[in-house]
Amino acid sequence: MQLLDLIETYNAQDATAERLYAREGRRVRGGRNNPQYKQSLLEAARLYEGVLTGRIRSDRLQEAMTTSDFPYLFGDIIDRQMLASYQHMPVMWQSIAKRGRVRDFRTVDRFAVNGGEAVLSEVKETAEYPAASVSDARYQYQVKKYGKRLPFSWESFINDDLDALRDMPQRLANSARFSEERFVTDLFAGTTGPDGTFFAGGNNNIVTSNPALSVAGLTTAFTVLAAQVDTDGNPIYLGNVVLVVPPALKITANNILNATEILAADGGGDGTGNNQLRVANWLKNDVSVVVDPWLPIVSTTNGNTSWYLFADPNVGRPAMEIGFLSGHETPELFMKSANATRVGGGAVDPMDGDFDTDSIDTKVRHVFGGVLLDPKSAVASNGTGS
């Protein structure tokens with residue numbers, strides 16, 4: 001008896017049972033009596049029988065580790081459904097770092113010229129003009145190759161009646177994206193919060209007293225950022241800034257930036273004294289929020305309290321650059337070609353696996369690197385108040 005005939009008989013028996021139970025005022029228990037379930041079962045049977053008879057391409061049932069690696073996925077329970085994948089945060093690093101391009105794997109240089117812009121000195125009659133001082137700075141980094149592969153057996157793809165393995169390429173692409181995000185966070189954050197070399201007293205980019213995130217803390221951070229000067233002592237204009245916070249501070253950050261008014265003391269600071277001002281929330285025009293979910297993972301101490309302000313990386317000198325290999329600037333996905341030929345000739349689909357083991361192999365390759373640049377373009381607080 002064909003599979004479809006068996007299922008039709010199975011459904012007919014269920015219908016008969018349902019009528020008998022209905023006469024006695026009872027109902028048949030079990031999800032298999034659901035019409036939608038029956039329809040889905042019939043569709044699955046038609047697909048399976050079509051593959052067996054050659055009417056439907058076998059790769060409709062494919063995409064595959066071996067079957068023993070998936071005891072639940074390839075079990076014998078007929079009522080099965082796949083859960084959706086996890087949802088992930090949008091890419092955040094492009095809001096705080098400049099995107100660069102490099103030609104090869106050799107070390108690249110990024111140069112900066114400082115000086116020559118000090119305010120002019122008075123020149124007395126017949127006096128010699130004073131010489132200006134100019135210096136340079138160099139930053140270096142290399143891109144590196146990152147990747148992984150996912151080998152599966154041909155049998156795993158054949159048994160994958162739920163199409164559970166069809167998103168393996170997407171999972172590899174997600175892995176590459178997560179690698180970018182983790183790499184960038186590792187650049188500016190350490191295990192105890194803001195990177196101790198980049199955010200340091202000598203760079204004048206630590207928010208005074210490391211305050212917790214608040215209106216007062218942001219006011220202090222803006223004061224520290226605005227106090228930055230170039231090598232000639234000229235003020236630096238930074239424009240709009242990005243507030244980077246961990247997920248634990250998302251609500252606090254959005255409450256501050258989306259408030260319609262701020263209570264402020266007439267001399268500045270929080271409006272807790274007798275003289276208070278109700279002012280429009282100027283912060284929402286100058287600050288945008290980025291939530292970095294990697295912060296508490298990278299910074300195992302103070303990761304949930306640390307917060308950062310970065311100048312717009314597309315204006316002036318950025319705090320970071322993340323570079324990608326020219327021509328290979330996005331994750332690249334590959335599948336191993338079939339190394340077999342059918343007897344009598346004919347191309348072999350890669351989904352039929354390799355000659356020796358029938359394995360089906362995919363991989364992802366991603367090439368990137370980066371470096372911290374100008375510490376004058378960022379300030380940070382570990383949020384501990386000390």
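What you see is a predicted model, and the numbers here were worked out from it, not measured in a lab. Counting from 1, the numbers follow the sequence of the chain as shown.
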>> Under the criterion side chain to side chain contact (heavy atoms under 4.5 Å, CB included), I'd like the reasoning laid out for E329 against R101: C-alpha separation, chi angles, the key distance, then a yes or no.
In response: CA-CA 8 Å; E329 297 169 43; R101 179 186 296 174; 2.9 Å; yes
> Step by step, would you call F310 with V290 a side chain to side chain contact (heavy atoms under 4.5 Å, CB included)?
Replying inline: CA-CA 10 Å; F310 288 92; V290 165; over 6 Å; no
>> Go through it in stages, so that I can follow the logic: the residues are S359 and D354, the test is side-chain hydrogen bond (donor to acceptor under 3.5 Å, both in side chains), and I'd like the CA-CA distance, side-chain angles, deciding distance and then a yes or no.
In response: CA-CA 6 Å; S359 64; D354 71 7; 3.2 Å; yes
> So V364 and L150, side chain to side chain contact (heavy atoms under 4.5 Å, CB included) or not? Walk me through it.
Replying inline: CA-CA 9 Å; V364 62; L150 281 176; over 6 Å; no
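The six-membered or imidazole ring of F111 lies away from that of Y139, with a centre-to-centre distance of 6.0 Å or more.
Minimum heavy-atom separation, S95 to P313: O-CD, 3.3 Å. For the pair K376 and L225, the tightest heavy-atom approach, listed with the atom from each and the gap, is O-CD1, 3.9 Å. Heavy atoms only, all atoms of each residue included: A189 and V298 are closest at O-CG1, 3.7 Å. Taking each heavy atom of S121 and P130 in turn, the nearest pair found is CB-CG, 4.1 Å. Between A378 and A319, the shortest heavy-atom distance links the atoms CB-CB, 4.2 Å. Heavy atoms only, all atoms of each residue included: N203 and T197 are closest at ND2-O, 3.4 Å.
Of the inter-residue distances, the one linking R342 atom CZ with D352 atom CG reads 5.0 Å to the nearest 0.5 angstrom. Here the NE2-OG distance, from H328 to S326, works out to 8.0 Å after rounding to the nearest 0.5 Å. From L243, atom CG reaches atom OG of S288 across 8.0 Å, with rounding to the nearest 0.5 Å. The CD1 atom of I236 sits 5.5 Å away from the CG atom of D230 when rounded to the nearest 0.5 Å. Rounded to the nearest 0.5 Å, atoms CG (N339) and CG (D356) are 6.5 Å apart. Between the CG atom of D374 and the CD atom of Q228 there is a distance of 8.0 Å, given to the nearest 0.5 Å.
Hydrophobic clustering (side-chain heavy atoms under 4.5 Å, transitive across Ile, Leu, Val, Met, Phe, Trp, Tyr) keeps L325 apart from I322. Follow the hydrophobic side-chain contacts under 4.5 Å out from V315 and you never reach L238; the two are in separate clusters. Under the 4.5 Å side-chain heavy-atom criterion for grouping Ile, Leu, Val, Met, Phe, Trp and Tyr, Y146 is not connected to Y141 through any hydrophobic cluster. The hydrophobic clustering, which links ILVMFWY residues whose side-chain heavy atoms are closer than 4.5 Å, places V143 and L372 apart. Residues F183 and F188 share a single hydrophobic cluster, defined by chaining ILVMFWY side chains whose heavy atoms lie under 4.5 Å apart.
D292 and T185 share a side-chain donor-acceptor pair at under 3.5 Å. In this model, no donor atom of one side chain and acceptor atom of the other lie less than 3.5 Å apart for N234 and E117.
No option in R365, K145, K363 other than R365 meets the salt bridge (Lys or Arg N to Asp or Glu O under 4.0 Å) test with E332. A side-chain contact (heavy atoms from CB on, under 4.5 Å) with Q140 holds for exactly one of V108, V371, T107; it is T107.
Atom CZ of F355 has 12 or fewer neighbouring heavy atoms from other residues, nucleotides or ligands inside a 6.0 Å radius. Residue-environment remark: NZ (K98) stays at or below the threshold of 12 foreign heavy atoms within 6.0 Å.
Looking only at distances, a side-chain donor or acceptor of S377 sits under 3.5 Å from a matching main-chain atom of R317. Between the side chain of T220 and the backbone N or O of A216 there is at least one donor-acceptor pair closer than 3.5 Å. No donor-acceptor distance shorter than 3.5 angstrom exists from the side chain of T362 to the backbone of M335, with no hydrogens or angles considered. Within the 3.5 Å criterion, the main-chain N or O of T231 finds no donor-acceptor partner in the side chain of N114. At least one donor-acceptor pair closer than 3.5 Å links the side chain of D195 to the backbone N or O of F198. Between the side chain of D136 and the main chain of V113, no donor-acceptor pair closer than 3.5 Å is present. Proximity of a side-chain donor or acceptor of W307 to a complementary backbone N or O of P211 within less than 3.5 Å is detected. In this structure, the side chain of Q142 does not engage the main chain of R106 through any donor-acceptor pair within 3.5 Å. A side-chain donor-acceptor contact under 3.5 Å links S381 to the backbone of G383. Within the 3.5 Å criterion, the main-chain N or O of N382 finds a donor-acceptor partner in the side chain of N210.
V367 has its side chain out of reach of K144: every pair of non-hydrogen atoms, C-beta onward, lies at least 4.5 Å apart. Side-chain contact between P194 and Y308 is present, with at least one heavy-atom pair separated by less than 4.5 Å. Between V241 and D286 there is no side-chain heavy-atom pair separated by less than 4.5 Å. A 4.5 Å side-chain heavy-atom check between N204 and V379 finds every atom pair outside the cut-off. Contact annotation: the side chain of V289 never approaches that of V244 to less than 4.5 Å [non-hydrogen atoms, C-beta and beyond]. Between F334 and D361 there is no side-chain heavy-atom pair separated by less than 4.5 Å. Considering only heavy atoms from C-beta on, L309 comes within 4.5 Å of L218 through its side chain. Two residues are said to be in side-chain contact when any heavy atoms from C-beta on lie closer than 4.5 Å; L373 and M320 fail this criterion.
For the pair R99 and F324, the distance from NZ or CZ to the six-membered ring centre is under 6.0 Å and the angle to the ring normal is within 45 degrees.
Under a 4.0 Å N-O distance rule, the pair R182/E180 does not qualify as a salt bridge.
Between H366 and F368, the two ring planes are tilted [angle within 30° to 60°].
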